[in-house]
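Here the structure is laid out as structure tokens; the discussion comes afterwards.
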Number of protein chains: 2
Amino acid sequence: MIATAAETVEPAAAPEKELPVRDRAQTQGRIFQAGRALLAEGGFQAFGVNAVARKAGCDKQLIYRYFGGLDGLVDAIGEDLAGWVTQHVPEDQGGRFLLTYGDLMERLAELYADALRADPLMRRILVWELSESSPHIARMADARAKGIAQWIERMRGSLTPPKGADTVALNAVIIAAVQQLVMAAETSGSFAGLPLKSQKDWGRAVSAVARMARAAYA
Amino acid sequence: MIATAAETVEPAAAPEKELPVRDRAQTQGRIFQAGRALLAEGGFQAFGVNAVARKAGCDKQLIYRYFGGLDGLVDAIGEDLAGWVTQHVPEDQGGRFLLTYGDLMERLAELYADALRADPLMRRILVWELSESSPHIARMADARAKGIAQWIERMRGSLTPPKGADTVALNAVIIAAVQQLVMAAETSGSFAGLPLKSQKDWGRAVSAVARMARAAYA
DNA sequence: CGGCCTATTCACCAGCGGGTGACTTTACCC
DNA sequence: GGGTAAAGTCACCCGCTGGTGAATAGGCCG
């Protein structure tokens, strides 16, 4: 059999099968990334010791050794995501001026939607949170809630909501709507008759949320 | 060993283990109900041929025979739920007068939230819809969307939304918020800092949604 | 009684999941 | 060089899952 270009063996390095690197930190990192990727791609259903090990290209035993099992791995991923809101929802106001508290929440809804739409992993975790309740998951949700509260506090400046407005409840409703729409978009591409595929669809959705936010805080 | 009261055998009937009824319709019904119950209690994760058979107290083979497998059972449950909105979201206006389109949507939000909060099965299915996309699930979501649209159409009377309002998008946002809050309430008991346990908490949430609905359609 | 149809169960398979103990291989250090 | 500890792999075990083909048990009818 004549060796084709693809079959020729590289003279210096033979990258055909990455043999074990024997570097704990790196292997640990590969397991971690495999876990993240698996979670992002298939959700918590596709998440298991065997699957992670397969994807990381190492023995599952290492997951137990380095992370103390799946729970530990989840914890690690969760901790890594603790500052997600701060890292993914920008605080500069991109040239827009926020004149009212309603404008502020409108902007938050828009930025939050963008951030979620761009992050499959976080979307999967949102779904996970609804499917079961475990300490890890609860912690992640808490961290997100705190992050959002901080965002508002930092961006608020001197803006204040109108008297008598239940900001906690109103903001929760806004965030809830955004999350639900983003999640539904992924799996079904629409929600309650509203298509959620194209960028244009999203424009529609976001401006509806924006309208409600502005109106509620008027 | 002296027989205790619990161990004594009933003279007439021995209900200790309900022996097979040999009634296809009834067995079919038991499987159906077992499926519903399992789904309602543990969500789609707890849903499997073996689990259903165990709960129904019969052999799993019967699930294949009578429903053509799990998919068929899901279909049956789904079909049964096709008219859910119509059946669970009342159309009488309970003494209240709906003066504006905003009032109408406010009322829908309230009734829809109540209906969902009272129905564990439907809540689980909502979560399921976000977790994976399959034909069955898509059909259920469609049916619900249609049901809601019908509700609005029937209750609307002569009420009309203000010109320029994107009703489809605005209504989707309202429904989305309600759904997300109900689901989050079940698993974590709160959402984005808003507690969702007591009836009072729900009053807060619902009036926030209501305020937004009214304001958006003002 | 015998025969038949049907509801129901049984026994079994292959596959995959989590989990663990013992083994091999490599690097490093004296 | 030898030795030791860490990195990595292997070979299992167990329990459960989905799925199937054959056997059984009970009612009904002639």
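These numbers come from a predicted model, not from an experiment. Chain letters run A, B, ... following the sequence lines, proteins first and then strands; every chain starts at 1.
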When the ring planes of F32(A) and F67(A) are compared, do they come out parallel, tilted or perpendicular, using 30° and 60° as the limits? parallel
In terms of relative ring orientation, are W128(A) and F44(A) parallel, tilted or perpendicular, with 30° and 60° separating the classes?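 It falls in the parallel class, under 30°.
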Nearest to the V21(B) side chain among dT8(C), dA7(D), dT17(D), which nucleotide is it? dT8(C)
Given dG8(D), dT8(C), dC10(D), the nucleotide with the shortest approach to the side chain of L62(A):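 Nearest listed nucleotide: dG8(D).
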Please confirm whether the shortest side-chain N or O distance from [X] to OP1 or OP2 of [N] is below 4.0 Å.
| X | N | result |
| --- | --- | --- |
| T27(A) | dA7(D) | no |
| N50(B) | dC16(D) | no |
| Y64(B) | dT20(D) | no |
| R54(B) | dC16(D) | no |

[X] [atom1] to [N] [atom2]: how many Å, rounded?
| X | N | atom1 | atom2 | answer |
| --- | --- | --- | --- | --- |
| D59(B) | dT20(D) | CG | P | 14 Å |
| K60(A) | dG17(C) | NZ | P | 9 Å |
| Q26(B) | dA7(C) | CD | P | 13 Å |
| F67(B) | dG18(D) | CZ | C1' | 18 Å |
| L38(A) | dG18(C) | CG | C1' | 15 Å |
| L73(B) | dG19(D) | CG | P | 13 Å |
| Q61(B) | dA23(D) | CD | P | 14 Å |
| R24(B) | dC28(D) | CZ | C1' | 18 Å |

If you fit an axis to the five pairs at each end of the helix from dC1(C)-dG30(D) to dC16(C)-dG15(D), how big is the angle between those two axes, to 10 degrees? 30°
Verify the distance criterion only: is there a donor paired with an acceptor across the side chains of N171(A) and Y217(A) at less than 3.5 Å?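 Yes, Y217(A) and N171(A) have a side-chain donor paired with an acceptor closer than 3.5 Å.
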Carefully, step by step, assess R65(A) and D59(A) under the rule side chain to side chain contact (heavy atoms under 4.5 Å, CB included). CA-CA 10 Å; R65(A) 271 226 242 302; D59(A) 197 275; over 6 Å; no
Nearest heavy-atom neighbours spanning I174(A) and A213(A): CD1-CB, 3.8 Å
Please walk me through it: do R36(B) and D80(B) pass salt bridge (charged side-chain N to carboxylate O under 4.0 Å, His left out)? CA-CA 10 Å; R36(B) 281 179 56 106; D80(B) 187 58; 3.1 Å; yes
For R117(B), what residues pass the salt bridge (charged side-chain N to carboxylate O under 4.0 Å, His left out) criterion, not counting sequence neighbours? none
Are the side chains of Y101(B) and I152(B) in touch, meaning some heavy atoms are under 4.5 Å apart? yes
4.5 Å side-chain heavy-atom contact, T187(A) and M183(A):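 In short, these two side chains do not touch, never coming nearer than 4.5 Å.
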Write out a two-atom table: protein N or O, nucleotide N or O from nucleotides 23-25 of chain C, distance below 3.5 Å.
{"unit_1": "dT25(C)", "atom_1": "O2", "unit_2": "R22(A)", "atom_2": "NH2", "d": "2.2"}

